[in-house]
There are 2 protein chains.
Amino acid sequence: MARPRLLTRERIVDAAAALVDAEGLDAVSIRRLAAELGVQGPSLYNHFATKNEILDAVADAVVAQVNVSFFGTHDWREALRLWAHSYRAVLSAHPNVVPMLAHGPGRRPAALAMADAVYGGLLDAGWPEARATHIGALLRYLVHGSALGSFALGFAEDPLLYEHYPHLQRAHLLAEHKHSVDEGAFTLGLDMFIAGLDRLFASAKGVSA
Amino acid sequence: MARPRLLTRERIVDAAAALVDAEGLDAVSIRRLAAELGVQGPSLYNHFATKNEILDAVADAVVAQVNVSFFGTHDWREALRLWAHSYRAVLSAHPNVVPMLAHGPGRRPAALAMADAVYGGLLDAGWPEARATHIGALLRYLVHGSALGSFALGFAEDPLLYEHYPHLQRAHLLAEHKHSVDEGAFTLGLDMFIAGLDRLFASAKGVSA
DNA sequence: ACCTGAACACCGTTCAAGT
DNA sequence: ACCTGAACACCGTTCAAGT
């Protein structure tokens, strides 16, 4: 008589994701996660080999939410812009997950599928392999950098902390403008980047024509 | 009769930095660090209140190596470029430290001094406050994003892993070109950003003149 | 003032035992 | 096949005790 199955990989990943979002990466311990699932710690090892595999699955579930469908249907400039905004929106909704993405796609399927779609879209648009690699890397830097830590929130609220820094007298006010600062910096960078690529693309075509 | 003083904050920070560089953040435990210093774990609490304070001091010692002297002596375009390259070079030499910088300068003096120098330099050059904030944030994204994880090393060496991704067939070769990929993407981005800022600056001057 | 040993409440992971 | 309890070798941190 088989007892009811208590755990699945999906239930574990969902609970871990909720814990990471709510309390951060450090809040995830095997025992804590197991308790959240109404189970004992070692039970999780029937479904994942290590704690790290669980966190990897959480990271991949987040990346799977990024929309990469723009490549193929849109001009490469517009596709890059829409993808970058989608990517950043997803990561900004789950900032605690970003540090886990830092070391690349590794073996995570959603991350590999995203890299494939972006790189393929750039090649199809006519970019050479080396440049397409640079563009993908650069946009990853921009998205990860901006999602990893809010620039605005990186300054403490205590004005006294800044009394010896002549130009930072108003830094403690940054937190109030968090959204416009972080969003503004990202959009400024993305716009300038795509404009720069557009010129690079045009000049390469011009030379080769 | 006072015994010889075994520990100083400096000795602790130096040993912690060496451990972070050699084996990563996870290798730093109080007991391990104490053993490296020939002392028992709890002794460290005579010099730092928490392990996190030790790691904060390590992070600030790294940031202190960044050269911010270009602002004031150079044109803002050149100062930004030289500073960004210095910043990236320092972080690339200590990649394991980068995740600790993600949440901003906080209360770390070297990080605050750097923010002050960059922001002040941009204001002196004539940039409005909001734009100067965006530029500082954007360059932090780029430097942190590129130093945080090598894009090239983010792909595994096993070609079999990529067999189902049509455009990633050669991804396993990326590691061989690590330096040129990561450096190339960073330089591409920095050049395009500064060119874009230059045009933005010129057009703002043109309108106001 | 600074270092130590013992102790607290935790970790990730293994494994024999149960069903 | 999957879950459990006990155990292993660790954690960060506290604190009374030593010098």
Side-chain angles (χ1 to χ4, degrees), chain A residues 1-61 96-97 99-100 102-103 106-108, chain B residues 1-61 96-97 99-100 102-103 106-108:
Chain A
M1 217 50 174
R3 292 174 305 169
R5 181 192 187 78
L6 293 179
L7 292 176
T8 62
R9 284 174 66 97
E10 196 192 0
R11 275 198 74 212
I12 295 170
V13 171
D14 287 350
L19 202 47
V20 170
D21 282 342
E23 305 187 32
L25 280 174
D26 290 347
V28 182
S29 77
I30 292 289
R31 286 169 178 84
R32 169 79 189 277
L33 182 54
E36 219 84 46
L37 289 158
V39 111
Q40 297 300 316
S43 302
L44 302 185
Y45 289 90
N46 286 300
H47 303 269
F48 288 93
T50 63
K51 174 183 165 181
N52 210 61
E53 266 190 21
I54 299 177
L55 293 177
D56 248 25
V58 169
D60 212 46
N96 297 335
V97 173
M100 293 166 36
H103 290 111
R107 329 184 143 263
R108 296 191 306 269
Chain B
M1 218 48 174
R3 291 173 305 167
R5 179 193 190 80
L6 294 179
L7 293 176
T8 62
R9 285 175 65 97
E10 197 192 1
R11 273 198 76 211
I12 295 171
V13 171
D14 287 349
L19 202 46
V20 170
D21 282 342
E23 305 188 31
L25 279 174
D26 290 348
V28 182
S29 78
I30 291 290
R31 287 171 177 84
R32 169 79 190 277
L33 183 55
E36 219 83 46
L37 290 158
V39 112
Q40 298 300 316
S43 302
L44 302 185
Y45 289 90
N46 286 300
H47 303 269
F48 288 94
T50 64
K51 174 184 166 180
N52 209 60
E53 265 189 23
I54 298 176
L55 293 178
D56 248 25
V58 169
D60 211 47
N96 297 334
V97 173
M100 294 166 36
H103 293 301
R107 326 182 147 266
R108 296 191 306 271

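Every chain is numbered from 1 and lettered A, B, ... according to where its sequence line falls, protein lines coming before strand lines.
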How does DNA chain C look in dot-bracket notation if pairs are Watson-Crick or G-U with both distances under 3.5 Å, crossing ones as [ ], other-strand ones as |? ||.|||||...|||||.||
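Nearest nucleotide to the side chain of B:Q40, out of C:dC3, D:dG12, C:dG5: C:dG5. Distance from the side chain of A:V39 is smallest for D:dC3 among the nucleotides C:dC3, D:dC3, C:dT13. Checking C:dT13, D:dG5, C:dC2 against every side-chain atom of B:N46, the shortest atom distance belongs to C:dC2. Taking the side chain of A:S43 as heavy atoms from C-beta on, and the options C:dC3, D:dC3, D:dT14, the nearest nucleotide is D:dC3.
Atom-to-atom, CG of A:L37 to P of D:dT4 comes out at 11 Å; the value is rounded to the nearest Å. Between the CG atom of B:L6 and the C1' atom of C:dA1 there is a distance of 12 Å, rounded to whole Å. Rounded to an integer number of Å, the gap from CZ of B:F48 to C1' of D:dT13 is 16 Å. For A:L7 and D:dC2, the CG to P distance is 10 Å, given to the nearest whole Å. The CG atom of A:L44 sits 12 Å away from the C1' atom of D:dT4 (whole-angstrom rounding). The separation between B:L33 atom CG and D:dG12 atom P is 9 Å, rounded to whole Å. Going from atom OH of B:Y45 over to atom C1' of D:dC15 covers 13 Å, rounded to whole Å.
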If a protein heavy atom is under 4.0 Å from the base, mark B; if only from the sugar-phosphate, S; if neither, -; do that for nucleotides 6-11 of chain C going 5' to 3'. BB---B
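Taking a 4.0 Å limit (strictly below) on heavy-atom distances, residues 9-18 of chain A does not reach DNA chain D anywhere.
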Would you mind writing out the side-chain donor-acceptor pairs for residues 51-61 of chain A within the sub-3.5 Å range, not counting sequence neighbours?
from  : atom 1 : to     : atom 2 : distance (Å)
A:K51 : NZ     : A:V28  : O      : 2.8
A:E53 : OE1    : A:A49  : N      : 3.3
A:D60 : OD1    : A:A110 : N      : 3.1
A:D60 : OD1    : A:A111 : N      : 3.2
A:D60 : OD2    : A:A110 : N      : 2.8

Result block: side-chain N/O donor-acceptor pairs under 3.5 angstrom for residues 13-25 of chain A, not counting sequence neighbours:
from  : atom 1 : to    : atom 2 : distance (Å)
A:D21 : OD1    : A:H94 : ND1    : 3.1
A:D21 : OD2    : A:H94 : ND1    : 2.8
A:E23 : OE1    : A:R32 : NH1    : 3.4
A:E23 : OE2    : A:R32 : NH2    : 2.7

Side-chain donor-acceptor contacts of residues 40-48 of chain A below 3.5 Å, not counting sequence neighbours, with atom names and distances?
from  : atom 1 : to    : atom 2 : distance (Å)
A:S43 : OG     : A:Q40 : O      : 3.2
A:N46 : ND2    : A:S43 : O      : 3.3

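In this structure, A:H47 reaches the D:dC3 phosphate: one of its side-chain N or O atoms is under 4.0 Å from OP1 or OP2.
The environment of A:E36 atom CD is dense: over 12 non-hydrogen atoms of other residues, nucleotides or ligands sit within 6.0 angstrom.
Between A:R11 and A:T8, the shortest heavy-atom contact is N-OG1, 3.0 Å.
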